[in-house]
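Take a look at the structure below.
Letters A, B, ... are given to chains in the order of the sequence lines, protein chains preceding strands, and every chain is numbered from 1.
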Number of protein chains: 2
Amino acid sequence: MTDPVAPLSPPEPSATRQPRKNNPEKTREDILQAAINEFVQQGLAGARVDAIAERTATSKRMIYYYFGSKEQLYVECLVKLYGDIRKTEQSLDLESLPAEQAIRRLAEFTFDHHDRNVDFVRMVCTENIHYGEYVKKSPAIREMSSLVLQALSSTLERGVKAGVFRPGIEVIDLHMLMSSFCFYRVSNRHTFGDIFQIDLADEQVKQRHRQMICDVVLSYIRA
Amino acid sequence: MTDPVAPLSPPEPSATRQPRKNNPEKTREDILQAAINEFVQQGLAGARVDAIAERTATSKRMIYYYFGSKEQLYVECLVKLYGDIRKTEQSLDLESLPAEQAIRRLAEFTFDHHDRNVDFVRMVCTENIHYGEYVKKSPAIREMSSLVLQALSSTLERGVKAGVFRPGIEVIDLHMLMSSFCFYRVSNRHTFGDIFQIDLADEQVKQRHRQMICDVVLSYIRA
DNA sequence: GTCTATAATAAGATAGAC
DNA sequence: GTCTATCTTATTATAGAC
């Protein structure tokens, strides 16, 4: 098909010996995003390296070149998605608000983030199916996450001192209460929605639940 | 190894031509339980039909003989696990208790059931990763599930009439509040536990959370 | 109804040219 | 750094004897 000499074709535009359109940074990012999409849709076992390659502007060979294996690629996807949530969590500026309002803002943020990042939720589900063995391999994820608890903790303290919250609340438990509701609503939307005949994506239902988790948390911790 | 004639061995006990030890009912149940174990551990895509066969007293051929395909076998596993929770839910006898106590019993049951049935929780996670497309195929699961909401609904009504609960609570939302906390605690124990350094299987933590979900629900609906 | 052996295919990973 | 072609293994599913 391709003639080995090509004597009549025009010369290559670049004379500085650059193979074609090399952009390692972009190629790597491109693969990572394609992998997230595939893992999120198919799970770890269900994901196909070939399928990831097809979602990419590059080839399967590059996946192994940059990431070594399917598992290592998967871990990098996890780190990226956890990084996204933790970064945005820090822009909340809870200290500037009265305790009760700060709790409300945190609950609403938690709700919104899960609602908008189905990818993150699905990835965490997949990871738990695999007994969390890949998050355990990445200390970076653990380190990023302690900040939320610190922010929540100091807010609680402020509220107790101000007399609006009752003392004795465990920070981790409160965080779990918020996370579980916001997470479940997204993670289990298919089974829950089908079985109980409710459309969890509906805007009215969504606003109701957003309000609800705030009320639930506040009624629980109020003095 | 086995001699084809066996002239000195004792005669077969059954003379009525029964191949070996045929017990279709038991074989089917055996396969189903083995499949649950495999699906629960590996997910749908990760589960191997060979692995299921190895967990069985019978062979891989029988899996296809009884269930047709890996997918159909998976659906039967789902139906079985959903059936288990819905059956036990009906033995709660909430009508015999004062409204507030009935809510407490339901919350505790929900907590205990999820805590004791990790298999169920993991299977539901897997199913949601697959967009719930298999529960949708089984109307039996949907039909079984409406009973919980009915029980919760009449309990709420009683409480409102008695003046202990405030009106306007959505039944489905309350059910989701209970389910989400109880479910998440089990489904996400690996990531949550590792990231926030808490052992969710610890007996003290468990009792604290069991108490907590009751308090959360009641403080939210109390008049 | 049950078993062993195998067909047909698909998947993760790599070789080697450019 | 990038590409195509391919190796190796494992997987779903079935054939055919008993």
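- Here NE2 of B:H130 is found 13.0 Å from NZ of B:K136. Values are rounded to the nearest 0.5 Å.
- Comment: B:K206 engages B:E203 in a salt bridge, judged by a side-chain N to carboxylate O separation of less than 4.0 angstrom.
- Atoms CE and CD1, from B:M178 and B:I213 in turn, are 7.5 Å apart once rounded to the nearest 0.5 Å.
- Taking CD of B:Q204 as the start and CZ of B:R208 as the end, the distance is 8.5 Å to the nearest 0.5 Å.
- Using cut-offs of 30° and 60° for the angle between ring planes, the B:H175 and A:F192 rings count as parallel.
- Of the options B:R55, B:R122, B:R48, a salt bridge (Lys or Arg N to Asp or Glu O under 4.0 Å) to B:E38 is made by B:R55 and by none of the others.
- Spacing between atom CG of A:D30 and atom P of D:dC3 amounts to 11 Å, rounded to whole angstrom units.
- Between the CD atom of B:Q42 and the P atom of D:dT11 there is a distance of 10 Å, rounded to whole Å.
- For B:T58 and C:dC3, the shortest distance from a side-chain N or O to OP1 or OP2 is below 4.0 Å.
- The aromatic ring centres of B:F181 and B:H114 sit 6.0 Å or more apart.
- Separating the OH atom of A:Y65 from the P atom of D:dG1 is a distance of 4 Å, rounded to the nearest angstrom.
- Spacing between atom CD of B:Q72 and atom P of D:dT12 amounts to 15 Å, rounded to whole angstrom units.
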Polar atoms only, N or O, under 3.5 Å: list the protein pairs with nucleotides 16-18 of chain D and their distances.
| unit_1 | atom_1 | unit_2 | atom_2 | d |
| --- | --- | --- | --- | --- |
| D:dG16 | O6 | B:R61 | NE | 3.3 |

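- With B:N117 contributing its side chain and B:D119 its backbone, the two residues share no donor-acceptor pair below 3.5 Å.
- For A:Y74 and A:E127, the side-chain atoms include at least one donor-acceptor pair closer than 3.5 Å.
- The CE atom of B:M62 sits 14 Å away from the P atom of D:dA15 (whole-angstrom rounding).
- Across all strands shown, A:F67 has no heavy atoms under 4.0 Å from either base or sugar-phosphate atoms.
- Within the structure, every side-chain polar atom (N or O) of B:S59 is placed at least 4.0 Å from both OP1 and OP2 of C:dT2.
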Listed pairs, N/O of protein and of nucleotides 8-12 of chain C, under 3.5 Å:
| unit_1 | atom_1 | unit_2 | atom_2 | d |
| --- | --- | --- | --- | --- |
| C:dA11 | OP1 | A:R48 | NE | 3.3 |
| C:dG12 | OP1 | A:A47 | O | 3.1 |
| C:dG12 | OP1 | A:K70 | NZ | 3.0 |
| C:dG12 | OP2 | A:V49 | N | 3.0 |

